[in-house]
Amino acid sequence: MKNIGVDVMETKETKEKKEKVPRQKMPEQDPKKRVHNFEEVPFGYSEETAIIEAKRCIQCKKPACIEGCPVDVKIPEFIKQIAEGNFIESAKVLKETNSLPAVCGRVCPQEDQCEKTCILGKKGEPVAIGRLERFSADYERKSGKISVPAIAKSNGKKVAIAGAGPSGLTIAGDLAKLGYDVTIFEALHKSGGVLVYGIPEFRLPKAIVEAEVEGLRSLGVKIETNYVIGRTKTIDELFEEGFQAVFIGVGAGAPVFMNIPGENLIGIYSANEYLTRSNLMKAYRFPEYDTPIVRGKRVAVIGGGNVAMDSVRTALRLGAERAMIIYRRTEVEMPARKEEVHHAQEEGVEFLMLTAPVEYIGNKDGWVTGMKCLKMELGEPDASGRRSPKPIKGSEYVIDVDTVVVAVGTVANPIVPATTKGLEVNKWGYIVAKDETGLTSREGIYAGGDIVTGAATVILAMGAGRKAANAIHEYLSKK
Amino acid sequence: MNKIVENKNLSENVVKMVFEAPVIAQKRKAGQFIVLKIDETGERIPLTIVDSDAQKGTLTIIYQIVGKTTAKLSQMKAGDSLQDVQGPLGNPTEIENFGRVVCVGGGVGVGVVYPLIVALKKAGNEVISIIGSRTKDLLILEKEIGENSDRLIVTTDDGSYGVHGFVSAVLQEMIDKGEKIDHVFAIGPVPMMRVICDVTKPHGIKTVVSLNSIMVDATGMCGACRVSVGGKTKFTCVDGPEFDGHEVDFKLLSDRLKTYCESEREAYEKHRCGCDGN
């Protein structure tokens, strides 16, 4: 005889148990403390928390999360290993398809990718895939037991990669594993691209990037820094030297200014310069490091993307008393990740929405002292689907500033296209490359990342590197 | 790593350095520059390539000791290494047979104008060089420039050597005498370049200047080096370093060069008293 009562009770109990395990939070530095240092904001999961979170994953037979990942990380598989306490094993699974897991765990917009498609997200909160990825990669690095993926026998074929950013590092790892002789040519003195010059220490510690780059070296990848493709050597010269295929992953590069009066006053930076000084050159540690930076008291950052958030949070850490985001639409339209906006708000950043600068005012020595702004209102949706801002007549007012960071986007850097004959670019100067392969208008030359798509995310650039690796492998296997 | 072959004072505060950079030495053309970084904590500074030896794989630069980085550089010895050297950067000088060319160099800019003189002479120009310094002891490359010029005029501000006065006065005199001048290159301190442009502009003599803006990446990524030329914003690193001097906003250039004056003074003072551990 069935005891209905017990059955019901059991179901209730299981249900309660499930509800009792919410998405695990990552402990973070107190906002009041962290605005005075450049140390990483979140501390990461403990082993216990990681296991609790990993056990939330229901191990779907047809995992939707993987479909959301540009590099097809075997998500349920690595999470299962964490749930069982096999942390090193989980890192191995990750590294089969992702050469930069500690980076991706930190800077990927998971909410728009794997976590967006996680089945748990339909009713409640998705599994914290990014946090688990970060945990697993960090655990392996700290353990010192870093695994080197299997490398195929050398095939003696040489591939050159321009740019040691996310796409270049990914393709280098993939091709090295397949037995290619890979050399990366990096223009700056350090490898990592945007990971070292753009993303601040408090979001992505540089030691982590260095460790991931070291991982590539252990695969046999050679890296030549201070090597500007197009200047130090052209792509055609690389072919003459015996490289059989070239991948261009040089990033979007050139900063956009707004072309408004006074924009060249002292104290007005492009976000690229501001962040490069602080991150790559470590100007926040001046004079221990030799590169200076203006430590503004009233800093306005123009723009609403992740780069704007990185800039404004850097300004706070450099001692700004007033750090402002100036954005011409509203918070709803801001392209920055919610998490970044939230962190900035916690730290005391002011958000001046529906505001656009029209002119900068300077003193006799050429320093910026003020910013004339117009109030905006939202009109009809534009081509991007976002409601376009329209200036309100007579709404001009001046904000006192001593530092401005212009973070309104980037355009293609022309050095590589200008020095490579027959390389087709589109009307914005980005290199034309096939979606599925990265093949450009020239045989043997592939491209991917921001120099093809315009400014996007780390993981999309990595996805492009992955596709080009497969395409180059196919191309050179026939040669 | 780039090994230093020679690091020798040309005057009290101007130093000539020769170091290994074989790939750049093969490739570089007159007017181009490099970015160097001494060590891990160093800053990136742009310096014009004065000369190169493709056979030996070396580059020559000439720098003035003005702050911490150049002071540190001057203390390095043959056999030491520079951690990072990147280049060649910027557009090469547009060298052609202009006819009669006047090359004006002031202070450490004499070192920058030297490779242009060599290249212009090679291209068949009649080259008249006017070089100047504050005082005799600070004058550099007189012999080398003399050997590559059809005529050389030297000036000193204090009259201790050559013509007493500024390089611009010599050029003005030539123009006043009705001497035919087809093209002018002027490289030196901002006030000097500005005055030379003021002298040539009324006569419509094309005048090219080489700008020494502050740079970070020097590949067009940061915009630190932006200048205004003909009312348009240009990046010195990728659009220059040479521009039509009659179109350059020298006030903006000189303002922007002062951006880090205070920080630089602080770093230099700490360096000189040994408080920074270097």
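For clarity, every value in this text was computed on a predicted model and none was experimentally measured. First the proteins, then the strands, lettered A, B, ... as listed; each starts at 1.
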The interface call for B/V216 against chain A, heavy-atom contacts under 4.5 Å, is side chain

Turns out that what part of A/T232 lies under 4.5 Å from chain B's heavy atoms comes down to both

Honestly, the part of B/K232 sitting under 4.5 Å from a heavy atom of chain A is neither

To the nearest 0.5 Å, atom NZ of B/K270 lies from atom CZ of A/F286 at 8.0 Å

Can B/K68 and A/D290 be counted as an ion pair, charged N to O under 4.0 angstrom? yes

Ion pair present between B/E40 and A/K190, side-chain N to carboxylate O less than 4.0 angstrom?
yes

Applying a strict 4.5 Å limit to non-hydrogen atoms, the region of A/F257 in contact with chain B is side chain

Check the surroundings of atom NZ in B/K122: do more than 12 heavy atoms from other residues, nucleotides or ligands lie under 6.0 Å from it? no

When rounded to the nearest 0.5 Å, the distance separating CD of A/E273 from CG of B/D217 is 9.0 Å

Interface check, chain B: of A/V228, A/I266, A/L265, A/N272, most non-hydrogen pairs under 4.5 Å belong to A/I266

Margin query: Looking at A/K206, I'd like to know if its NZ atom is crowded, meaning that more than 12 non-hydrogen atoms belonging to other residues, nucleotides or ligands lie closer than 6.0 Å.
Written below: yes

So, the part of B/L257 with a heavy atom under 4.5 Å from chain A: the answer is neither

Smallest heavy-atom separation, B/M221 atom then A/T276 atom, equals CE-OG1, 3.4 Å

Rounded to the nearest 0.5 Å, the OG atom of B/S263 sits from the CZ atom of A/R295 at a distance of 9.0 Å

Pair count under 4.5 Å, heavy atoms only, with chain A: among B/E43, B/Q83, B/E262, highest is B/E43

Q | Evaluation steps, side chain to side chain contact (heavy atoms under 4.5 Å, CB included), between A/V294 and B/Y260 | A | CA-CA 8 Å; A/V294 175; B/Y260 300 104; 4.0 Å; yes

Check the pair A/Y227, B/V23 against side chain to side chain contact (heavy atoms under 4.5 Å, CB included), reporting the backbone distance first and the verdict last. CA-CA 10 Å; A/Y227 218 106; B/V23 183; 3.8 Å; yes

State whether B/K27 and A/E237 are salt-bridged, where the test is any N-O pair (Lys NZ or Arg NE/NH1/NH2 against Asp/Glu carboxylate O) under 4.0 Å. yes

How about A/P287 and B/E266: do any of their side-chain heavy atoms sit closer than 4.5 Å?
yes

Looking only at A/P255, A/S270, A/G253, A/G366, the option with the highest number of non-hydrogen pairs under 4.5 Å against chain B is A/P255

| said: Can you confirm whether the side chains of B/T233 and A/N264 place a donor and an acceptor under 3.5 Å from each other? | reply: yes

Under 4.5 Å to a heavy atom of chain A? For B/V85 that would be backbone

So, the part of B/R256 with a heavy atom under 4.5 Å from chain A: the answer is both

d(A/Y197 OH, B/C222 SG) to nearest 0.5 Å is 11.0 Å

(Q) I'd like to know whether CD of B/E6 has more than 12 heavy-atom contacts from other residues, nucleotides or ligands below 6.0 angstrom. (A) yes

Rounded to the nearest 0.5 Å, the CG atom of A/N226 sits from the CG atom of B/L36 at a distance of 10.0 Å

Bottom line for A/L275: the part with an atom under 4.5 Å from chain B's heavy atoms is neither

For this session: Tell me, with the steps shown, if A/M281 and B/K37 meet side chain to side chain contact (heavy atoms under 4.5 Å, CB included).
Result: CA-CA 10 Å; A/M281 305 312 296; B/K37 182 168 164 286; 4.1 Å; yes

Ranking A/R285, A/R277, A/K233 by heavy-atom pairs under 4.5 Å to chain B gives rank one to A/R277

- Step by step, would you call A/T291 with B/R44 a side chain to side chain contact (heavy atoms under 4.5 Å, CB included)? CA-CA 8 Å; A/T291 305; B/R44 296 167 62 92; over 6 Å; no

In terms of heavy-atom contacts, B/P88 and A/R231 come closest through O-CB, 3.4 Å

So, the part of B/T69 with a heavy atom under 4.5 Å from chain A: the answer is side chain

